[in-house]
Peer 1: 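One structure, as structure tokens, below. Some questions next.
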Amino acid sequence: MEQWTCILTSIPKPGIGVIQLNRPQVLNALSLQTMIEIVEAMEQFERSADIRCIVIHGNEKAFAAGADIKEMSGAGSMEMLERDQFARWERIRAIKKPIIGAISGFALGGGCELAMNCDMLIASETAQFGQPEINIGVMPGAGGTQRLTRAIGKVRAMEIALTGRMISAREAWRAGLINKVVPVESYVQEAIALASEIAGKAPLAVKLIKESVLKSFSTTLEGGLELERKNFYLLFASEDQKEGMNAFIEKRKPMWKNK
Ligand code: DAK
């Protein structure tokens, strides 16, 4: 593995690639270098045939308290444009393997947006989500206004983005932002367990399900149904479809080949 400076990576179980944000002294603020490393690690996991699912987490106090304010504060519009940070966020969006976020403590601003870029979210009881950019004179820039609204609805998204208030893990769960709230001692393990469950499924089906669900955010119902249908037919060209159905009929566990 690479020598990272802002993250740690590991493979704690077969098939599971884990990324840990590792700038605890600044509550894992997302510096440019942190974003570069997150994307690079995700791309490595995506390329690896052995990895089926990615988990990303921070520490108990913070998943990430946002983009690095100290790094951004002096920048002008043109410099922000030159940095082309959106390209990195686009790469995360394009990762085809499932990404599970394990969130504890602060998930604010870019940290909340990074969490919302994950496909599923497990949170500790201490997690707090928010878009506090309004408090520093700006606004969400990496999808917060769009993803939060789609996840929890207009009025709640407006309140969070316009007041900068944080919501607790329980509120986030009730609003449909996250999958599960668990004790702080086990949030990473729970995310790894969920990742392991998915890692045991037919990989091609996993990939096409992720693609199809995400498509629903960027197309009409007709367009989404069309992609779903094509992906469904496509899976009948795979060996794993034959294997999965034969295993069911023969009452045995399927042996996936990713083919
Ligand atoms: N950036 C830099 N440093 C941060 C930070 C941040 N976002 N958040 C915390 N820190 C640092 C603090 O400065 C402090 O450092 P020292 O003073 O010890 O050197 C250390 O982390 C501990 O923080 P506190 O002492 O403040 O800890 P508390 O427990 O008292 O307070 C807090 C925790 C989370 C309430 C507080 O730290 C806070 O309000 N932090 C800022 C939260 C925030 O405003 N987040 C939004 C940032 S704007 C883009 C993509 C995304 C974005 C922009 C562009 N593109 C693709 C172009 C995103 C923008 C944002 O996220």
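Read the numbers this way: they start at 1 and go in the same order the structure lists the ligands and their atoms. Both backbone and side-chain heavy atoms feed into the values below; hydrogens, waters and symmetry mates do not.
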Peer 1: What protein heavy atom is closest to atom 34 (C) of ligand 1, reported as residue, atom name and distance in Å?
Peer 2: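 Answer for atom 34 (C) of ligand 1: L108 CD1, 3.5 Å.
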Peer 1: What protein heavy atom sits nearest atom 37 (O) of ligand 1, and how far away is it?
Peer 2: L27 CD1, 3.6 Å
Peer 1: Got an N/O contact under 3.5 Å between G110 and ligand 1?
Peer 2: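 Indeed, backbone or side chain, G110 has an N or O that close.
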Peer 1: What pairs of residues pass the salt bridge (Lys or Arg N to Asp or Glu O under 4.0 Å) test when at least one of them lies in residues 197-220, not counting sequence neighbours?
Peer 2: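 Salt bridge (Lys or Arg N to Asp or Glu O under 4.0 Å) check on residues 197-220 returns D119-K210.
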Peer 1: Sequence neighbours excluded, which residues qualify as side chain to side chain contact (heavy atoms under 4.5 Å, CB included) partners of L121?
Peer 2: I103, A115, C118, I178, N179
Peer 1: Measure the distance from atom 10 (N) of ligand 1 to every protein heavy atom, then report the residue, atom name and distance (to 0.1 Å) of the closest one.
Peer 2: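 Protein heavy atom with the smallest distance to atom 10 (N) of ligand 1: V26 O, 3.8 Å.
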Peer 1: Under 3.5 Å, N or O to N or O, is K61 touching ligand 1 that way?
Peer 2: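 Min N/O separation from ligand 1 is below 3.5 Å for K61.
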Peer 1: So which heavy atom in the protein is nearest atom 59 (C) of ligand 1, and how far is it from that ligand atom?
Peer 2: A67 CB, 3.5 Å
Peer 1: Using heavy-atom distances only, which candidate in P140, A65, G105 approaches atom 46 (C) of ligand 1 most closely?
Peer 2: A65
Peer 1: Quick one: look up the protein heavy atom nearest atom 54 (C) of ligand 1 and list residue, atom name and how far away it is.
Peer 2: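 Nearest protein contact, heavy atoms only, for atom 54 (C) of ligand 1 is M80 CE, 4.5 Å.
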Peer 1: Could you tell me whether ligand 1 has any atom less than 4.0 Å away from a heavy atom of E71?
Peer 2: no
Peer 1: Looking at atom 17 (O) of ligand 1, what's its closest protein heavy atom, distance included?
Peer 2: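 Of every protein heavy atom, K70 NZ, 4.4 Å lies nearest to atom 17 (O) of ligand 1.
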Peer 1: Which atoms form the tightest heavy-atom contact between S124 and V184, and what is the distance?
Peer 2: CB-CA, 3.7 Å
Peer 1: Taking atom 50 (C) of ligand 1 as the point of reference, which of A142, G143, G109 owns the nearest heavy atom?
Peer 2: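 Looking at heavy atoms only, the winner is A142.
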Peer 1: Under 4.5 Å between any side-chain heavy atoms of F45 and I11, yes or no?
Peer 2: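 Yes, close enough: below the 4.5 Å cut-off.
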